[in-house]
Chemist: 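I have a structure here, written as structure tokens, and I will follow up with some questions on it.
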Amino acid sequence: MNKDIWVFIEQVQSNISGASLELLGEAVRLKSKMKNPGKIVAVIIGSQLSELIQVVSMFGAEKIYVADHRKLRLYQPDYYAAILTHLIHQEDPHILLIGATYIGSQLGPMVAIRVDTGIAAHCVELKIDDNDNLVAVVPAFGGKLLGDILCPNYRPQMASVKPGILEKPERIEVQSQIVPVDINFLSLVEPKLKPVGICCHEPKGVPLEQAEVVICGGWGVGDAEHWQMLEKIAAKLGGAVGCTRPALDEGWSQGEHTMVGTSGKSIRPNVYLGFGISGSTHHVCGMKDSKLIISVNKDEEAEIFNFSDFGLVGDIKEILPLLMQSLGIS
Amino acid sequence: MALKIVVCVKPIPDPAYYKDITIDPVTKTIQREAIPTIINPADKHAIEEALKIKEKFGGKIITLSMAPPNVIKNIHEALAMGADEAYLLTDKKFAGSDTWATSYILAKAIEKIGGIDLVITGTETGDGGTSQVPSQLGEWLKIPHLWNVIEFKIKNEKEVYLKTKIENGFMEWKCKLPMAIAVSREINTPRYTTIMGVMKAKKKPFQKLTFDDLNLDEKRIGLVNSPTQAGNLHLLDLSRKGKIIKGSKEELAQFIIDNLKAGGISVEADPIICSCEGETGNE
Ligand SMILES: Cc1cc2nc3c(=O)[nH]c(=O)nc-3n(C[C@H](O)[C@H](O)[C@H](O)COP(=O)(O)OP(=O)(O)OC[C@H]3O[C@@H](n4cnc5c(N)ncnc54)[C@H](O)[C@@H]3O)c2cc1C
Ligand SMILES: Nc1ncnc2c1ncn2[C@@H]1O[C@H](COP(=O)(O)O)[C@@H](O)[C@H]1O
């Protein structure tokens, strides 16, 4: 039995996805905590992967399995799961980490059934216990509780982590062994599901996860007019706008990808400015790691104030116009 | 083309009460007894999608829930929305199942119901929120499955076209029924129940199934047999300084500007001067 830590590498328009990069960094960290560590192994599935392999080898992967074929260009769950299952059966890894992205959220649990093991979802922290086993910390009840999840009797121990939860890794050069995967066996797989197209738009402005200042608006912002003010202030500060679910449902925000919380993004900007947010655990779970948290709410008893460095008791409708004025925004 | 559709509906403790959840310091168990249950919000979108499909093509909608026995109110609500029949899987042996075991039990029940064209779930639950049950259910049933479906169209006899969400856009797919889909919140707006619906709900077929009704391997279900095991439990310590700042609107706005600078954000801002101060000064 080996102690290898595997990371499934996902790509976004030929680049390594943020989630996979963060997981590679995490694998390096976990390995350093183990008494008898194995190798860090990356699995890349797709088409025309040479550049991606380069990147992966710069972040600590000692061995890289590469399944490179035209028919793997678009994500096809049956092919991707079959390749992972095949490799797992062959190599019996100790741990397998996967991003809780749109693709990973389907692929991870699927592979867990195929290789008959457990998987911990949406982990916020990964640890190694005294037996070199994985302890995955997962949120429950919208993040109010955190529980350790163990998988003592099945292998690999699987875990998924959302993008933005873990820190971005440092580069470490290692000699990576590249192992091409023979995918001839895929001719036996006859998927009923056919991917027929993919559409990606370039995200506008600074991505939420990378912004140094994030202005979050909640239901208390009240209307589209005041939402516009948030957008303008964020643009002026070189930051991004995030939202809560009610603000999304009202149609004020730019879309699902701007929601912060358990079912949305996890962010850790230098400054988080929250307007009209009550502080439900679902939202707080996604912003609690921000360095400085300032919240404005007209309700002195608002829950969000317990999660803030500074809780400003005031009316957004009065404060936003003053901020606009001071920043010279018309 | 009448379709037989199963919708997986999970009753969950109402998220509005999560902030009050505590851990018993002695027994280390979660104290949540007093919390009422609601239908998992995402699952209302699943019911709505089934209703829309039925309106167009005809068929039958069966809800399937695995939960403790005291959730009849939630099941009636699903029936009141328009589902035709409901099954509740309830047994002490099921308690504490992880997603592996939950999806296995749900799949066995779907096999027992039989002849299903489509399984619809929500994307995630509000309490555990793993998002794993839908794909695992699809695997057990050995049918194609997709997660986070934002568009679902039945073209002709059992041929379907779908869109799923990805990080910066969407993917398009073709498939054939039977399949399983987890629908996103964006796919539709769930309808409300009507008084007529509520009245009809109580007369609709409703059946409880226990361990003995399903062809299950007892060694693979429940808390102790699930592949994942729960270890220590912690309450998230989210409390910060929590310093409350009060003042005039100008002072508050100025406070924000000053702290942006302190937080390392470069701001060019004019000082915020209280307009009323000037006025009173003139008097
Ligand atoms: C399964 C599930 C997943 C979820 N996931 C997420 C998630 O990822 N992210 C998320 O955000 N939510 C999520 N939610 C929703 C979450 O539970 C809360 O409902 C939501 O976060 C509350 O948003 P809010 O604070 O904007 O609105 P509210 O709770 O309505 O709060 C509005 C606040 O604004 C204040 N206010 C009103 N007017 C003014 C004014 N003029 N000036 C100052 N203050 C004002 C009020 O005092 C109040 O505190 C989820 C829910 C479920 C069930
Ligand atoms: N106990 C259950 N009973 C019925 N459906 C469930 C159950 N658990 C999960 N589901 C379904 O699976 C979806 C995702 O749940 P989860 O994987 O727990 O986040 C939910 O939206 C439900 O449709």
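None of the values given here were measured: they were computed from a predicted structure. Residue numbers begin at 1 in each chain, while the letters A, B, ... track the order of the sequences.
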Chemist: If you count heavy atoms of other groups shown closer than 6.0 angstrom to NZ of B:K243, is the number above 12?
Modeler: no
Chemist: Is there a side-chain contact between A:K144 and B:L235 in this structure, where contact means two heavy atoms from C-beta onward sitting under 4.5 Å apart?
Modeler: yes
Chemist: Can you list everything that forms a side chain to side chain donor-acceptor pair (under 3.5 Å) with B:K10? Sequence neighbours excluded, please.
Modeler: B:D127
Chemist: Judged by atom type as modelled, is there a donor-acceptor pair below 3.5 Å linking the side chain of B:T228 to the main-chain atoms of A:L150?
Modeler: no
Chemist: Taking side chain as everything from C-beta outward and backbone as N, CA, C, O, which of these in A:N297 sits under 4.5 Å from a heavy atom of chain B? Side chain, backbone, both or neither.
Modeler: neither
Chemist: Taking B:I265, B:D270, B:N168, B:L260 one by one, which has the highest count of heavy-atom pairs under 4.5 Å against chain A?
Modeler: B:N168
Chemist: Any chance you could measure B:T164, atom OG1, to A:Y102, atom OH, to the nearest 0.5 Å?
Modeler: 10.0 Å
Chemist: Could you measure the distance from the CG atom of B:D98 to the SG atom of A:C151? Nearest 0.5 Å is fine.
Modeler: 8.5 Å
Chemist: Side chain of B:Q132, backbone of A:I119: donor and acceptor closer than 3.5 Å?
Modeler: yes
Chemist: Taking side chain as everything from C-beta outward and backbone as N, CA, C, O, which of these in B:L233 sits under 4.5 Å from a heavy atom of chain A? Side chain, backbone, both or neither.
Modeler: both
Chemist: Out of B:G129, B:A101, B:S226, which one racks up the most heavy-atom pairs below 4.5 Å with chain A?
Modeler: B:G129
Chemist: Side chain of A:Q106, backbone of B:H145: donor and acceptor closer than 3.5 Å?
Modeler: yes
Chemist: Test side-chain contact (heavy atoms from CB on, under 4.5 Å) on A:I113 and B:S103 and set out the steps.
Modeler: CA-CA 10 Å; A:I113 295 296; B:S103 57; 4.2 Å; yes
Chemist: Taking only residues two or more places apart in sequence, or in another chain, which ones meet B:T189 in a side chain to side chain donor-acceptor pair (under 3.5 Å)?
Modeler: none
Chemist: Between A:G279, A:G238, A:G142, who has the most heavy-atom pairs with chain B when the cutoff is under 4.5 Å?
Modeler: A:G142
Chemist: I need the A:L323 CG to B:I256 CD1 distance, nearest 0.5 Å.
Modeler: 5.0 Å
Chemist: So with a 6.0 Å cut-off around CZ of A:R73, is the heavy-atom count from everything else above 12?
Modeler: no
Chemist: Write down the atom of A:S308, the atom of B:R240, and the distance for their closest heavy-atom approach.
Modeler: O-CB, 3.2 Å
Chemist: Does B:L252 reach the side chain of A:V313, with side-chain heavy atoms less than 4.5 Å apart?
Modeler: no
Chemist: Apply the test side-chain contact (heavy atoms from CB on, under 4.5 Å) to residues A:L248 and B:E186: give CA-CA distance (whole Å), side-chain angles for both, the deciding distance (0.1 Å), then the verdict.
Modeler: CA-CA 11 Å; A:L248 176 73; B:E186 294 146 84; over 6 Å; no
Chemist: Please look at B:P13 and chain A and tell me whether the side chain, the backbone, both or neither of the residue comes under 4.5 angstrom of a heavy atom of that chain.
Modeler: side chain
Chemist: What part of A:T117 is in contact with chain B, defined as an atom under 4.5 angstrom from a non-hydrogen atom: side chain, backbone, both or neither?
Modeler: backbone
Chemist: Counting heavy-atom pairs closer than 4.5 Å to chain B, which one of A:K194, A:Q76, A:K192 comes out on top?
Modeler: A:K194
Chemist: Determine whether B:E167 and A:V12 make a side-chain contact, defined as any pair of heavy atoms from C-beta on separated by less than 4.5 Å.
Modeler: no
Chemist: Just give me the residue among A:H282, A:Q13, A:Q325, A:M158 that pairs up with chain B most often, heavy atom to heavy atom, under 4.5 Å.
Modeler: A:H282
Chemist: Can you tell me which of B:I143, B:T123, B:I257, B:I166 forms the most heavy-atom pairs within a distance under 4.5 Å of chain A?
Modeler: B:I166
Chemist: Going by the salt bridge (charged side-chain N to carboxylate O under 4.0 Å, His left out) test, which pairs reach into residues 140-150 of chain B, not counting sequence neighbours?
Modeler: none
Chemist: At what distance, to the nearest 0.5 angstrom, does CG of A:L146 lie from NE2 of B:H234?
Modeler: 6.5 Å
Chemist: Find out whether B:E250 and A:L322 are in side-chain contact, i.e. whether some heavy atom of one side chain is under 4.5 Å from a heavy atom of the other.
Modeler: yes
Chemist: Check whether any side-chain heavy atom of A:K236 lies under 4.5 Å from a side-chain heavy atom of B:V267, and answer yes or no.
Modeler: no
Chemist: Measuring only between side-chain heavy atoms, which start at C-beta, is B:R185 closer than 4.5 Å to A:R245?
Modeler: yes
Chemist: At their closest point, which heavy atom of A:S105 faces which heavy atom of B:S135, and how far apart are they?
Modeler: O-OG, 3.9 Å
Chemist: Which one, B:P271, B:S131, B:A16, leads in non-hydrogen pairs under 4.5 Å with chain A?
Modeler: B:S131
Chemist: Side chain, backbone, both or neither: which part of B:L146 has an atom under 4.5 Å from a heavy atom of chain A?
Modeler: both
Chemist: Quick one: pull up OG1 in A:T281 and CD1 in B:I21 and give me the separation to the nearest 0.5 Å.
Modeler: 7.5 Å
Chemist: For atom NZ of A:K127, is the number of surrounding heavy atoms from other residues, nucleotides or ligands below 6.0 Å larger than 12?
Modeler: yes
Chemist: Less than 4.5 Å to any heavy atom of chain A: does that hold for the side chain of B:Y17, its backbone, both, or neither?
Modeler: neither
Chemist: Is it the backbone or the side chain of B:P227 that comes under 4.5 Å from a heavy atom of chain A, or both, or neither?
Modeler: both
Chemist: Determine whether A:L145 and B:Y18 make a side-chain contact, defined as any pair of heavy atoms from C-beta on separated by less than 4.5 Å.
Modeler: no
Chemist: Does a salt bridge link A:E303 with B:K19, judged by any charged N lying under 4.0 Å from a carboxylate O?
Modeler: no
Chemist: Hey, what do you get for CZ (A:F141) to CG (B:D20), rounding to the nearest 0.5 Å?
Modeler: 12.5 Å
Chemist: For chain A, which residues from residues 170-177 of chain B lie under 4.5 Å away (heavy-atom distances)?
Modeler: B:F170, B:M171, B:E172, B:W173, B:K174, B:C175, B:K176
Chemist: Look at A:V124, A:I319, A:D309, A:L327 and state which one has the largest set of heavy-atom pairs under 4.5 Å with chain B.
Modeler: A:D309
Chemist: Which region of B:N232, side chain (C-beta onward) or backbone (N, CA, C, O), has a non-hydrogen atom less than 4.5 Å from a non-hydrogen atom of chain A, or is it both or neither?
Modeler: both
Chemist: Grab the two heavy atoms, one from A:Y154 and one from B:R220, that are nearest each other, plus how far apart they are.
Modeler: OH-NH2, 3.2 Å
